[in-house]
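Numbers restart at 1 for each chain; the letters A, B, ... are given by sequence-line order, proteins then strands. All values reported here derive from a predicted model rather than from experimental measurement.
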2 protein chains.
Amino acid sequence: MTNQREKITIQQIADYADVSISTVSRVLSGNAKVAADKHEAVLAAVKALNYRPNMFARGLASGQSMTVGVITQHISSPFYDAITKGILEVFEDSPYSPLIVDGQWKLEIEKRALHTLQNRQVDGIIVVGGNLELETLKAFDQHTPVVVVAREIEDFKERCIYTDNFQAAYNATQFLIRAGHKEIAHISGLLEHPDANLRLQGYKQALIDANIPYREDLIVHGNFLPQSGLLAVEALFTRNQTFSAIFCANDQMAMGTQLALYRRGIRVPADVSLIGFDDQPASAFMTPPLTTMRPPAEEMGRSAAAHIFSILKKMPYEAQDHTCELIVRESVSRVR
Amino acid sequence: MTNQREKITIQQIADYADVSISTVSRVLSGNAKVAADKHEAVLAAVKALNYRPNMFARGLASGQSMTVGVITQHISSPFYDAITKGILEVFEDSPYSPLIVDGQWKLEIEKRALHTLQNRQVDGIIVVGGNLELETLKAFDQHTPVVVVAREIEDFKERCIYTDNFQAAYNATQFLIRAGHKEIAHISGLLEHPDANLRLQGYKQALIDANIPYREDLIVHGNFLPQSGLLAVEALFTRNQTFSAIFCANDQMAMGTQLALYRRGIRVPADVSLIGFDDQPASAFMTPPLTTMRPPAEEMGRSAAAHIFSILKKMPYEAQDHTCELIVRESVSRVR
DNA sequence: CTGTTAGCGCGTTCAC
DNA sequence: GTGAACGCGCTAACAG
């Protein structure tokens, strides 16, 4: 660990290896052929002097920052954390570093984040969810490649990594129907959020396809937070609504729901069956464990990172499918 | 939004404002006095041309990257996520950007992360938890300031932001004792982890101070993951151990514990009282809601960021206290 | 294949 | 106060 004042430049290793600085630059970037002996000499010098390239000089000269921005929405859901984790994983063994900024699901903040990233001259960005509009994204993509995760944007799909929320909700609802349920309530997420809407639609379609009338009075609109699941149940009872099952747009609300039910002395799944969405870690350890729809969050994160890398390297990227999987646990029971 | 090929340099705004580049540099950095009129002229030019400083050039010339590295441990706990959130929050309105890398609680990976950050020439780093040894940290701190969160390192405390785990565990245990419990089991975390050890010690001391004998057979060693809480309960029963309360070293294990109890038909809190640690979001929505010890995670994150900033600005930093708060919920009941 | 040279955009002495 | 000139460390033409 010769850490001598970290002032080692390519000039020094050039001298040490008795070659010119450009030769050094060449072996370091691998952009051109260099005689084997000189090649080794340089590598030896690099090791001997414990050389560390200066990112600034490199960036200044090449125009590349070897950095890609990540706009996350660090709020209200373990789902997004899992995606971030997947992204970080892929960055681990790549020459790129992630520059993470928080968008907080606020358009204004996300735009500021975009500016920050632009100032930092990132080579590309990954947008996780959020509200940034298509045009903003496209404009940015003009000069810096953009990839979007966990969001399906019309007219930009080739750059989006997402899962079919409609189908997933359809499947979850169908599962309840097949278990004999006919009065299935749905607690939706924020309808401004596309995912929430798609899940509602999937629920609706499954009902229709099973010849069960879709009833507005079985729908309660939540906001993805646990508290709203709790309130939703109260709303249902206030309406004097009967139901034998509830499909929640996410696990967090399902947790709130389960708690509300518990407080009213209603047993899950004996009295009411319950299905959530996201398979967040705690779901498996609820009492009873929650049946839920698991989106491949980490996998999607990995795909996103892989996608942006292939764009940066101008390599082809073969799209992947990311489908949700229903995780059946004790919170659902057959209706006799 | 004049986004003209983003080639605007200080030279151009110098021309536009009819001054020299050094004057421009001066008003931009505010390091020297400039005549009011020129000052304004420059500002106007900056706005008119939508100037954006080039971080690389700036970094090259100044030696500052305006970036601080953050080593997180993105695994197994919402607690660390909350800290990260707090950190990001403070970065938001600072000229610095965070460079986040994942340490995964693996010493080797953390060391690599340190190297990455060094190569990126960060101006400082925040280490969240992890296993990096004191000497490594101190060596790094020699040239780049280091702040550690959620970890208390002997001989480096002035740079650590942490909470008193011993005291918190003591209080939690005492709460159970005062509720009349005498046979209190403890499910510990990984003992290699200082926090786990401190919590165990706090538990022990509370017992001793209340004249209740500390019994090894009431201790089960877990690993912080929910699954281990579940297994711990099984272990207790295998030992044929009786107990009226359980104190878990974190919420995740408490969740596993609660599930195991539920499956055995044991009611919480009617038959057994339960206390966790961390107050992770889902805890409030368990059935029944979990009593837990809440560490000020986000606050600690914010403090850490504030601390590193004040070091970078060579400003004094006044340390803060970060104490845990017991959140009493339905999972504990009095023993008659 | 290799060495020489000219910037990349900005901070920072210096003289004025 | 202000401007001119140099250099930060490296990449990318350019000649050989």
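Put simply, S25(A) has no side-chain N or O that comes within less than 4.0 Å of OP1 or OP2 on dC10(D).
The residues R112(A) and E108(A) are annotated as not salt-bridged, no charged nitrogen and carboxylate oxygen being separated by less than 4.0 angstrom.
The distance between atom CG of N54(B) and atom C1' of dC8(C), rounded to the nearest whole Å, is 8 Å. Going from atom CD1 of I8(B) over to atom P of dC8(C) covers 15 Å, rounded to whole Å. Between the C1' atom of dA12(D) and the CD1 atom of I21(A) lies a distance of 11 Å, rounded to the nearest Å. In this structure, CZ of R58(A) is placed 18 Å from P of dC8(D), rounded to the nearest angstrom. Between the CZ atom of R52(A) and the P atom of dC10(D) there is a distance of 13 Å, rounded to whole Å. Remark: C1' of dG9(D) and CE of M66(A) are 17 Å apart, rounded to the nearest angstrom. Put simply, CG on D37(A) is 11 Å from C1' on dC1(C), counting in whole angstrom units. Rounded to a whole Å, the CD atom of Q64(A) is 18 Å from the P atom of dC8(C).
Side-chain proximity of S62(A) to dG9(C), dG11(C), dT11(D): nearest is dT11(D). Residue K38(A) has its side chain nearest to dG3(C) when only dG3(C), dC8(D), dC1(C) are considered. Here dG3(D) is the nucleotide among dG9(D), dG3(D), dG1(D) with the atom lying nearest to any side-chain atom of V19(B). Distances were taken from every side-chain heavy atom of S20(B) (C-beta onward) to each of dC8(D), dT11(D), dA4(D); the shortest belongs to dA4(D). Listed nucleotides: dC10(C), dG1(D), dT11(D). Nearest to the side chain of I10(A): dT11(D). Nearest to the side-chain atoms of A35(A) among the listed nucleotides dA12(D), dT2(C), dT2(D) stands dT2(C). The side chain of P53(A) approaches dC10(D) more closely than any other nucleotide in the set dT4(C), dC10(D), dG7(D).
Between V34(B) and V24(A), the residue whose closest nucleotide on DNA chain D is further toward the 5' end is V34(B).
For F140(A), the side chain to side chain contact (heavy atoms under 4.5 Å, CB included) partners two or more places apart in sequence, or in a different chain, are L114(A), Q118(A), I125(A), H143(A), T144(A), V146(A).
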Legend entry - Full working for side chain to side chain contact (heavy atoms under 4.5 Å, CB included) between E89(B) and E92(B): CA-CA 5 Å; E89(B) 199 178 310; E92(B) 217 53 62; 5.7 Å; no
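On a pure distance criterion of 3.5 Å, a polar donor-acceptor pair joins the side chain of R26(B) and the base of dG3(D). For S22(A) against dT4(C), a side-chain-to-base donor-acceptor contact under 3.5 Å is present.
The two atoms that bring A150(A) and Y80(A) nearest to each other are CB-CE2, 4.2 Å, heavy atoms only.
Looking at heavy-atom distances under 4.0 Å, T9(B) makes contact with sugar-phosphate atoms alone, never a base. Across all strands, T23(A) comes closer than 4.0 Å only to sugar-phosphate atoms, never to a base (heavy-atom distances).
Side chain of R151(B) to main chain of G130(B): a donor-acceptor pair is present (N/O by atom type, distance under 3.5 Å, no hydrogens or angles).
Across V90(A), I126(A), V147(A), a single residue satisfies side-chain contact (heavy atoms from CB on, under 4.5 Å) together with H307(A), and that is V147(A).
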